[in-house]
Amino acid sequence: MSFLKPKTYIEQGDIVILYLSVNSMHAIEAVPTIVNKKGETISHIFQTPYGSLKVESIIGVEYGSRVELSKGWAHVLQPNPEMWTQTLPHRTQIIYTPDISMILHQLEVRPGAVVVESGTGSGSLSHYFLRALKPTGRLHTFDFHEARADQAREEFRRHGLGDFVTVYHRDVCNLGFSSELDGAADAVFLDLPAPDLAVPHAFKALKLSGGRFCSFSPCIEQSQRCIAQLTKLGFNEICSMEVLQQESVIKTRSLPVIDLEFLKAPKSAEIIANEDNKTKEPKELKKYLTSSNPQVLPGHTGFLTFATLPPNIPKS
């Protein structure tokens with residue numbers, strides 16, 4: 001029940017983030033024993049670069065506490081979608097926070113909304129949708145791979161989110177979304193190899209009052225085919241964008257102060273001769289805080305195609 005609401009103490013069965021550093025976090029289940037590959041029940045010991053943690057010892061501990069490892073220490077944190085994205089077990093390639101933030105903003109996801117998602121994959125984006133939709137909204141998420149759909153359904157249940165999501169095993173490109181979702185969705189999100197095949201089904205799923213659409217595609221050709229279908233069905237405000245996260249390099253630089261007094265009046269030959277005979281003094285330096293782009297820029301993740309379905313478009 002770790003994701004449902006804020007908690008004070010770790011309970012048995014919770015998913016806990018073991019925080020070592022900003023680049024080293026691990027999601028562990030707070031259970032005293034586990035079953036190993038031989039089928040034997042053994043004590044749950046989690047190994048880290050700073051030693052081992054006997055997981056039973058964190059049950060009942062307050063979230064945010066520092067816990068001792070055999071060769072160091074770590075913090076135990078309650079998970080949120082951001083940390084879950086960094087630590088989840090990958091069943092597929094996932095979408096990360098920079099793209100997810102734009103998706104949530106552009107789809108106008110809010111409490112009480114109904115969102116249709118395909119495909120579910122590893123559930124990274126699904127957790128963000130669920131946080132934004134609770135407590136009165138609902139997520140309908142589809143995956144064509146039965147085992148992945150079953151894993152996602154069980155994962156949502158263990159995280160305390162099962163009451164807000166319905167997971168379907170279905171090929172939406174060929175079969176569409178289930179008929180009970182016709183005209184039910186405020187927003188539709190697609191992460192599919194051929195999103196253009198699913199656009200007509202997304203059109204049927206959106207409410208008669210209109211709604212928002214988004215497709216994530218690694219290749220621009222996928223986005224182009226998707227846009228052609230959206231245009232044909234009467235969507236407007238169509239745009240594709242690429243989100244690139246870039247850190248600025250901040251440095252303190254020392255720069256010499258240039259003396260411009262000689263520009264105020266012409267100098268005589270005598271003054272110039274005297275200056276040439278003087279010993280040159282070191283120039284005054286001033287320190288400035290500067291910003292520049294990094295030498296290596298971030299790579300491509302995917303193209304986000306957004307569109308709006310206007311109200312009262314005939315769906316016959």
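Computed from a prediction, not measured in an experiment: that's the story for all the values here.
Between the side chains of Arg253 and Thr290, at least one donor-acceptor pair of N or O atoms lies under 3.5 Å. No side-chain donor from either of Ser70 and Tyr50 sits under 3.5 Å from a side-chain acceptor of the other. Arg138 and Thr166 form a side-chain donor-acceptor contact under 3.5 Å, judged by distance and modelled atom types alone. Side-chain contact, Ser2 with Gln78: no donor N or O sits under 3.5 Å from an acceptor N or O. Checked by atom type, the side-chain pair His127/His159 shows a donor-acceptor distance below 3.5 Å.
Ile17 and Tyr128 fall into different hydrophobic clusters, where Ile, Leu, Val, Met, Phe, Trp and Tyr residues are linked whenever their side-chain heavy atoms come under 4.5 Å apart, directly or through other members. Cluster annotation: Ile238 and Leu309 are assigned to the same hydrophobic cluster (Ile/Leu/Val/Met/Phe/Trp/Tyr, side-chain heavy-atom contacts under 4.5 Å, transitive). Transitive grouping of hydrophobic side chains (ILVMFWY, heavy atoms separated by less than 4.5 Å) keeps Ile10 and Trp84 in distinct clusters. The same ILVMFWY cluster, assembled from side-chain heavy atoms under 4.5 Å apart, contains both Val109 and Phe189. In the hydrophobic cluster analysis, where Ile, Leu, Val, Met, Phe, Trp and Tyr join through side-chain heavy atoms closer than 4.5 angstrom, Ile59 is grouped apart from Leu4.
Note that OG1 of Thr141 and CZ of Arg153 are 10.0 Å apart. Values are rounded to the nearest 0.5 Å. Atoms CZ and CG, from Arg131 and Leu104 in turn, are 8.0 Å apart once rounded to the nearest 0.5 Å. Note that CG of Leu244 is 12.0 Å distant from CE of Met241, once rounded to the nearest 0.5 Å. Considering CZ of Arg157 and CG of Asp163, their distance stands at 11.5 Å, rounded to 0.5 Å. The distance from the CD atom of Glu155 to the CG atom of Asp150 is 12.5 Å, given to the nearest 0.5 Å. Distance check, rounded to the nearest 0.5 Å: CZ of Phe213 to CG of Leu233 gives 10.0 Å.
Using the six-membered ring where Trp is involved, Tyr168 and His140 have ring planes that are tilted, between 30° and 60° apart. Ring geometry for His300 versus Phe303: interplanar angle of 30 to 60°, hence tilted. Between His90 and Tyr96, the ring planes are tilted. Angles from 30° to 60° get that label.
Looking at Glu62 and Lys7, no side-chain N of the basic residue comes within less than 4.0 Å of a carboxylate O on the acidic one, giving no salt bridge. A salt bridge does not link Arg225 with Glu221: every distance from a Lys NZ or Arg NE/NH1/NH2 to an Asp or Glu carboxylate oxygen is 4.0 Å or more. Using a cut-off of 4.0 Å between Lys/Arg side-chain N and Asp/Glu carboxylate O, Arg170 and Glu146 are scored as not salt-bridged.
Among pairs with a residue in residues 18-28, none fulfils salt bridge (charged side-chain N to carboxylate O under 4.0 Å, His left out), at least two apart in sequence or across chains. Listed by first and then second residue, the salt bridge (charged side-chain N to carboxylate O under 4.0 Å, His left out) pairs that reach into residues 33-55 come to none, sequence neighbours excluded. Each side chain to side chain donor-acceptor pair (under 3.5 Å) pair with one or both residues in residues 175-190, not counting sequence neighbours, appears once here: Ser178-Glu180, Asp186-Lys207.
Remark: side-chain polar atoms of Thr85 are paired, donor with acceptor, to backbone N or O of Pro81 under 3.5 angstrom. No side-chain donor-acceptor contact under 3.5 Å links Gln106 to the backbone of Ile103. At distances below 3.5 Å, not a single donor-acceptor pair connects side-chain atoms of Ser24 with backbone N or O atoms of Leu20. Looking only at distances, no side-chain donor or acceptor of His44 sits under 3.5 Å from a matching main-chain atom of Pro32.
Using a 4.5 Å cut-off on side-chain heavy atoms (C-beta onward), Thr87 and Tyr19 make no contact. Side-chain atoms of Val16 and Leu77, non-hydrogen and from C-beta on, never get closer than 4.5 Å to each other. Under the 4.5 Å side-chain criterion, counting only non-hydrogen atoms from C-beta, Cys239 is not in contact with Thr305. Looking at Glu117 and Leu139, their side chains come closer than 4.5 Å, going by heavy atoms from C-beta outward. Between Leu255 and Tyr288, the closest side-chain pair of non-hydrogen atoms falls below 4.5 Å. Annotation: side chain of Leu125 is not in contact with side chain of Phe216 (no heavy-atom distance under 4.5 Å). Between Phe177 and Lys204, the closest side-chain pair of non-hydrogen atoms is not below 4.5 Å. Two residues are said to be in side-chain contact when any heavy atoms from C-beta on lie closer than 4.5 Å; Phe164 and Thr136 fail this criterion.
Pairing each heavy atom of Ala30 with each of Ile58, the nearest pair is CB-CD1, 4.5 Å. Considering every non-hydrogen atom in both Pro200 and Asp196, the closest pair reads CD-O, 3.5 Å. Annotation for Thr120 and Ser126: closest pair CG2-OG, 4.0 Å, computed over non-hydrogen atoms. Annotation for Gly119 and Asp143: closest pair C-OD2, 4.1 Å, computed over non-hydrogen atoms. Scanning all heavy atoms of the two residues, the minimum distance from Ser124 to Ile100 falls at OG-CD1, 3.8 Å.
Not less than 6.0 angstrom separates the ring centroid of Tyr9 from the ring centroid of Tyr63. The ring of Phe144 has its center no closer than 6.0 angstrom to the ring center of His169.
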I would like to know whether Arg91 and Ser122 meet side chain to side chain donor-acceptor pair (under 3.5 Å); could you show each step before the answer?
CA-CA 5 Å; Arg91 298 184 285 272; Ser122 299; 4.8 Å; no
For side chain to side chain donor-acceptor pair (under 3.5 Å), just list the numbers for Ser223 and Ser240, CA-CA rounded to whole Å, side-chain angles, deciding distance to a tenth of an Å, and then say yes or no.
CA-CA 7 Å; Ser223 181; Ser240 284; 2.8 Å; yes
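By the neighbour-count criterion of 12 heavy atoms within 6.0 Å, atom CD of Glu154 is densely surrounded, having more than that number from other residues, nucleotides or ligands.
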